[in-house]
**Student:** 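Here it is, the structure, as structure tokens.
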Amino acid sequence: MGTEEEQRKKATLSQQRANQATELLANPLYIEAVTVIRASMYGEFEDSKLADEDARHELWQRMQLMKSFQGYFEKIVKEGRKGTQTIKMLDDENN
């Protein structure tokens, strides 16, 4: 698993990345962009013809991509929480 110093360094980096991801996810411009893009995709989906399977499939793929995009940043936030727990554990062991 590495030395304590390596673990602490990795955990600290994870925390920093989580802070950046949290700021991004809370940024009003980011929220607005995601909301507008999602609304546009859902609108396109609602207006699509049932027989137009290719267009509907493409919209589904775009929706999944958007979900993955947001999920990536949410994963970074979760890893930051683990980093915080790691640092706390290391601190507890040293006290």
Side-chain angles (χ1 to χ4, degrees):
M1 200 177 209
T3 66
E4 181 179 323
E5 184 179 333
E6 290 169 338
Q7 289 177 357
R8 187 176 296 276
K9 187 175 182 179
K10 183 177 177 182
T12 300
L13 178 60
S14 182
Q15 283 181 315
Q16 291 168 349
R17 289 172 45 87
N19 290 340
Q20 290 173 333
T22 300
E23 288 174 13
L24 176 68
L25 291 170
N27 185 299
L29 290 175
Y30 174 83
I31 293 168
E32 178 184 343
V34 169
T35 302
V36 168
I37 291 168
R38 279 193 165 163
S40 174
M41 287 188 293
Y42 283 111
E44 285 181 56
F45 188 79
E46 286 178 343
D47 294 340
S48 68
K49 305 284 187 230
L50 183 59
D52 194 354
E53 292 181 23
D54 289 341
R56 293 170 70 85
H57 183 71
E58 180 188 335
L59 281 164
W60 179 83
Q61 287 177 320
R62 289 171 33 203
M63 289 176 185
Q64 295 305 307
L65 181 61
M66 189 66 163
K67 185 177 170 181
S68 293
F69 179 79
Q70 283 192 281
Y72 179 76
F73 291 107
E74 292 166 1
K75 178 183 170 204
I76 291 171
V77 172
K78 288 178 186 175
E79 288 172 357
R81 289 184 195 130
K82 290 180 186 176
T84 299
Q85 291 172 347
T86 298
I87 290 172
K88 183 178 181 333
M89 181 186 70
L90 292 170
D91 289 345
D92 289 348
E93 287 177 0
N94 290 326
N95 291 327

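Computed from a predicted model, the values in this text were never measured in an experiment.
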**Student:** Residues two or more places apart in sequence or in another chain: which of them pass salt bridge (charged side-chain N to carboxylate O under 4.0 Å, His left out) with K78?
**Tutor:**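 K78 satisfies salt bridge (charged side-chain N to carboxylate O under 4.0 Å, His left out) with no other residue.
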**Student:** Report yes if some heavy atom in the side chain of T86 is under 4.5 Å from a heavy atom in the side chain of K10; otherwise report no.
**Tutor:**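 They are not in side-chain contact.
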**Student:** For E5, which residues count as a side-chain contact (heavy atoms from CB on, under 4.5 Å) partner, sequence neighbours excluded?
**Tutor:** T3
**Student:** Tell me every residue that passes side-chain contact (heavy atoms from CB on, under 4.5 Å) with E23, counting only those two or more places apart in sequence or in another chain.
**Tutor:** none
**Student:** According to ring pair (Phe, Tyr, Trp, His ring centres under 6.0 Å), does anything in residues 27-47 pair up with another residue at least two apart or in another chain? List the pairs.
**Tutor:**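 Qualifying pairs, neighbours excluded: none.
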**Student:** Report yes if some heavy atom in the side chain of D54 is under 4.5 Å from a heavy atom in the side chain of D52; otherwise report no.
**Tutor:** yes
**Student:** Report yes or no: do W60 and L65 belong to one cluster of Ile/Leu/Val/Met/Phe/Trp/Tyr joined by side chain heavy-atom distances under 4.5 Å?
**Tutor:** no
**Student:** Residues in side-chain hydrogen bond (donor to acceptor under 3.5 Å, both in side chains) with R81, at least two apart?
**Tutor:** none
**Student:** Taking C-beta and beyond as the side chain, do E93 and L90 meet within less than 4.5 Å on heavy atoms?
**Tutor:**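 In contact.
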**Student:** Identify, with sequence neighbours excluded, every residue that meets side-chain contact (heavy atoms from CB on, under 4.5 Å) alongside E53.
**Tutor:**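 Residues passing side-chain contact (heavy atoms from CB on, under 4.5 Å) with E53: none at all.
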**Student:** Can you list, pair by pair, the side-chain donor-acceptor contacts under 3.5 Å of residues 11-22, counting residues two or more places apart and other chains?
**Tutor:**
| unit_1 | atom_1 | unit_2 | atom_2 | d |
| --- | --- | --- | --- | --- |
| T12 | OG1 | R8 | O | 2.8 |
| S14 | OG | E79 | O | 2.8 |
| S14 | OG | G80 | N | 3.3 |
| Q15 | NE2 | T84 | OG1 | 2.8 |
| N19 | ND2 | Q15 | O | 3.4 |
| T22 | OG1 | A18 | O | 2.8 |

**Student:** Which residues pass the salt bridge (charged side-chain N to carboxylate O under 4.0 Å, His left out) test with R56, sequence neighbours left out?
**Tutor:**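 R56 satisfies salt bridge (charged side-chain N to carboxylate O under 4.0 Å, His left out) with no residue once adjacent residues are dropped.
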**Student:** Residues two or more places apart in sequence or in another chain: which of them pass side-chain hydrogen bond (donor to acceptor under 3.5 Å, both in side chains) with E58?
**Tutor:**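 Not a single residue meets the side-chain hydrogen bond (donor to acceptor under 3.5 Å, both in side chains) criterion with E58.
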**Student:** Run the side-chain hydrogen bond (donor to acceptor under 3.5 Å, both in side chains) test against Q61 and tell me which residues pass, sequence neighbours left out.
**Tutor:**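 Scan of Q61 (side-chain hydrogen bond (donor to acceptor under 3.5 Å, both in side chains), adjacent residues dropped) gives H57.
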**Student:** List in chain and number order the residues that pass salt bridge (charged side-chain N to carboxylate O under 4.0 Å, His left out) with E74, two or more places apart in sequence or in another chain; answer none if no residue qualifies.
**Tutor:**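 So E74 forms no salt bridge (charged side-chain N to carboxylate O under 4.0 Å, His left out) with any residue.
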**Student:** Taking all atoms of both residues into account, what is the closest heavy-atom pair of Q70 and R38, and its distance?
**Tutor:**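 Closest heavy-atom pair between Q70 and R38: OE1-NH2, 2.8 Å.
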**Student:** Starting at CD1 of I37, measure out to CE of M63 and round the result to the nearest 0.5 Å.
**Tutor:** 12.5 Å
**Student:** Do any pairs count as a ring pair (Phe, Tyr, Trp, His ring centres under 6.0 Å) and have a residue in residues 73-95, sequence neighbours left out, and if so which ones?
**Tutor:**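 Sorted result for residues 73-95: F69-F73.
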**Student:** Taking all non-hydrogen atoms of both residues into account, name the closest pair between L25 and I31 and its distance.
**Tutor:** O-CG1, 3.4 Å
